[in-house]
Amino acid sequence: MDDSALNYLQNTFGYSDFRLQQGEIVQTLVNGEDAVVLMPTGGGKSLCYQIPSLVRNGTGIIISPLIALMHDQVMALRQLGINAAYLNSTLDAKTTRQTEDDLVNGKLDMLYVAPERLTTGGFLNLLKHTTISLFAIDEAHCVSQWGHDFRPDYIRLSLLHEQFPDIPRIALTATADEKTRAEIKHRLALETAREFISSFDRPNICYRISEAQGNARTALLRFIQNEHENDSGIVYCLSRKKVDAIAAWLTEKGFTALPYHAGLSAETRLTNQQRFLKEDGVIIVATIAFGMGIDKPDVRFVAHLNLPKSMEAYYQETGRAGRDGLPANAWMVYGLQDVITLKQMMATSTAEEKYKQVERHKLETMLGFTDITSCRRQSLLNYFNEDLHEACGNCDNCLSPVETWDASVAAQKALSCVHRTGQRFGVNYLVDVLTGKDDERISQFGHDNLSVFGIGKEHDTKHWRNIFRQLISRNLLAVDVEGHGSLRLTEHCRAVLRGEQSLQLRKQNKQTSSTRKGRKLFNTSKASDNALWEALRTCRKNMADENNVPPFVIFHDATLSEMMERQPHNHEQLLGINGVGESKLEKYGDAFLKVINDHIYNEKQDPTDTVSESLLLFRSGLDIDTIAAQRKLKPSTVYSHLAECIEQGELKLHDVVKLNQQEINIIHEALLNTEADSRKLKPAFDALDGMYDYDTLRCVQAAVSPA
Ligand code: ADP
Ligand code: ZN
């Protein structure tokens, strides 16, 4: 590895190691060779061209179609002490000229530019007079005419190769199947480039899906309350009306929840998006219109209240969670109505029949995915042609195995029906054959004479469709997308077909326990940790406001949480923390060290200090919300302090919560019934149907548990 590359990584960016293929990609460019990079969102594509831009002589030219992102990226780079600029239609003439002068005069490390500008004669002429270190073509799939993001300007980018044959180029994308990848290489004249294909796995995202039973809203509320109380997240809904309703409802429940959809004015959308980026703990409730060009690394959850249309959409939308690599949840409840709505949308679509076939198949696959009992990650990756050898341990199916039934015989029947009818028919037809339907088409083909005709009468049509879906999602059957949705056998099905391998399928209409606690960033149950975490976040927010950038541009959550863990108290120790480079150390180091040192000092004074302080204020007659506001804590934190006091006998239960004896008995009983081997409150909360909030339960628990 090139020493100076490592030097930039560690000292400028503040990271200790390259991730996965990053090092190799950087080295390729530093050597002056071309690269094509396929890496999932959050994989760390930017560093792949940013570091070689710095190492090599000259300015790195980065072509990006997302104008909204350029500004943010350039701001983030400037925070690191890097001379970066951008050119796009949002700049005034004066700034544009200044930037162009800087470019030609070699003052820029990196320049972000929109493709339509790059390909103008004037700009190319400027480039001829500039020392260029490399060209990076971001979102390279925009060159594909098959994709949804096609941009004609991208096609012209082949001129880079013709006019600057000696400058290394790197094309990057997070969304490209084999066909698109081939197109990228072909159209951008990158046939000889080294190809880097990273796994699409996002191991830090926990996937959880369940069928809505009862109220999906309540399920969402519980999920957020239990696992993401102070976190940023996105809630996706299908319709604008639902977006508005859910946003209003979450707001009523005390969260900062903002709507985002195409029916809102551009101004409102922008304000809401800015607040999502700049404030901590904002939830955006949105239609799928939200997300493209949002580069927020600390989105801790993505919740779907409706089924996405395809696996691609699901992967892309859930992928907006946890870009910083810390634990994040992709949570979904969906209902039968979703399926119907989506199907209706497809049926009434005016698109060409061939296109509709493809969409229908994609939806079926998505449905199959929701049904599987095996590891979700394996299935998701499999859809993108990737094999994950072991179950992941971080999805609902891995975490709490679902009820299944032995579907070996049913599967054999279904598979042989596909085989006997010549692998030319779709699900509807096959089900009709299996259930022995009296149908003209069937008799025309003579399929009523087959041994499989009517051998599946023990299941109804709905169940058979469910079985087929599951067979498709398990890759035992494949849908011929180009054709007419007909099913064919895959090589994976042989063992099942021959009865050598049994097959367990998810039972229908059983709710999976989706509300299982996901992994948290860290355990904030200790009041003093909570205080430090809040103090660090406040410090970050102040710095962000001062510099007019989003908080995550100052430091990521991961960096703050490492600060919490290691509690550095000098510059050298602070530099050892991932995400702290020299420039940021100089700008913000002292402020954060002060926060940490104050905290350590306070802790030494008296470990129970923070609890005592809450107690003191409470005894002086302040109510909990006032104490929380005054101490810059969450009300729930103050409750936990008071609960501690109750447990220590310093307060009586009814000093803190207003409950009559009967209510206390009910809660007590629920706690006894559910506590078993832990002090977790969730089972009791659930058993009581959410009638009492966690704060109340915590206080009762403190009162009844032996001190
Ligand atoms: P992508 O463009 O692939 O979606 P980014 O380049 O935005 O991803 O990187 C995702 C996150 O990972 C960023 O916040 C970045 O700072 C962080 N990151 C990238 N490379 C590293 C690394 N080697 N070590 C630690 N963090 C990294
Ligand atoms: Zn799994």
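Heavy-atom basis, side chains included; hydrogens, waters and symmetry copies ignored. When a ligand or atom number is given, it counts from 1 through the structure's own listing order.
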Original post:
Are K45 and D138 close enough for a salt bridge, meaning some N to O gap below 4.0 Å?
Top reply: no
Original post:
Which residue holds the protein heavy atom closest to atom 9 (O) of ligand 1, what is that atom called, and what is the gap in Å?
Top reply: G44 CA, 3.4 Å
**OP:** Answer yes or no: does atom CD of E195 have more than 12 heavy-atom neighbours from other residues, nucleotides or ligands under 6.0 Å?
**Re:** yes
Subject >> D298 and K296 ion-paired at < 4.0 Å >> reply: yes
Original post:
What residue and heavy atom of the protein are closest to atom 20 (N) of ligand 1, and at what distance?
Top reply: Q22 NE2, 2.9 Å
Original post:
Going by the atom numbers of ligand 1, which of them fall below 4.0 Å from some non-hydrogen atom of S46?
Top reply: 2 (O), 5 (P), 6 (O), 7 (O)
Original post:
Rounded to 10°, how big is the angle at the Zn ion (ligand 2) from C375 SG to C392 SG?
Top reply: 100°
Subject >> Angle, SG of C395 through the Zn ion (ligand 2) to SG of C398 - 10° precision >> reply: 100°
Original post:
If you measure from atom 23 (N) of ligand 1 to every heavy atom of L20, D17, L9, V37, which option wins on shortest distance?
Top reply: D17
Original post:
Just wondering, do Q378 and C392 contact through their side chains at under 4.5 Å, heavy atoms?
Top reply: no
Original post:
Which residue supplies the protein heavy atom nearest to atom 17 (C) of ligand 1, what is that atom called, and how far is it?
Top reply: R19 NH2, 3.5 Å
Original post:
Charged N to carboxylate O below 4.0 Å: is that the case for D557 and R540?
Top reply: yes
**OP:** May I ask you to test the I554-F592 pair for a side-chain heavy-atom distance under 4.5 Å?
**Re:** yes
Original post:
Is it true that T41 lies under 4.0 Å from ligand 1, counting heavy atoms only?
Top reply: yes
Subject >> Closest protein heavy atom (residue, atom, distance) for atom 24 (N) of ligand 1 >> reply: Y15 CG, 3.4 Å
Original post:
Does the pair E33/R194 count as a salt bridge with the N-to-O cut at 4.0 Å?
Top reply: no
Original post:
With a 4.0 Å cut-off on heavy atoms, is A558 touching ligand 1?
Top reply: no
Original post:
Tell me, which protein residue and heavy-atom name are nearest atom 13 (C) of ligand 1, and how many Å apart are they?
Top reply: H556 CE1, 3.9 Å
Original post:
For ligand 1, is there an N or O atom under 3.5 Å from any N or O atom of G42?
Top reply: yes
Original post:
Can a non-hydrogen atom of L47 be found less than 4.0 Å from any atom of ligand 1?
Top reply: yes
**OP:** Report yes or no: does L172 have a heavy atom closer than 4.0 Å to ligand 1?
**Re:** no
Subject >> Min heavy-atom dist M39 to ligand 1 below 4.0 Å >> reply: no
Original post:
Can D545 and K278 be counted as an ion pair, charged N to O under 4.0 angstrom?
Top reply: no
Subject >> Contact (N/O only, under 3.5 Å) between R323 and ligand 1 >> reply: yes
**OP:** Name all residues meeting the side-chain contact (heavy atoms from CB on, under 4.5 Å) criterion together with A182; count only those two or more places apart in sequence or in a different chain, and write none if there are none.
**Re:** none
Original post:
Does the pair R275/D280 count as a salt bridge with the N-to-O cut at 4.0 Å?
Top reply: no
Subject >> Ring centroid separation F13 to Y8 under 6.0 Å >> reply: no
**OP:** May I ask you to list the atoms of ligand 1 that are less than 4.0 angstrom from any heavy atom of P40?
**Re:** 3 (O)
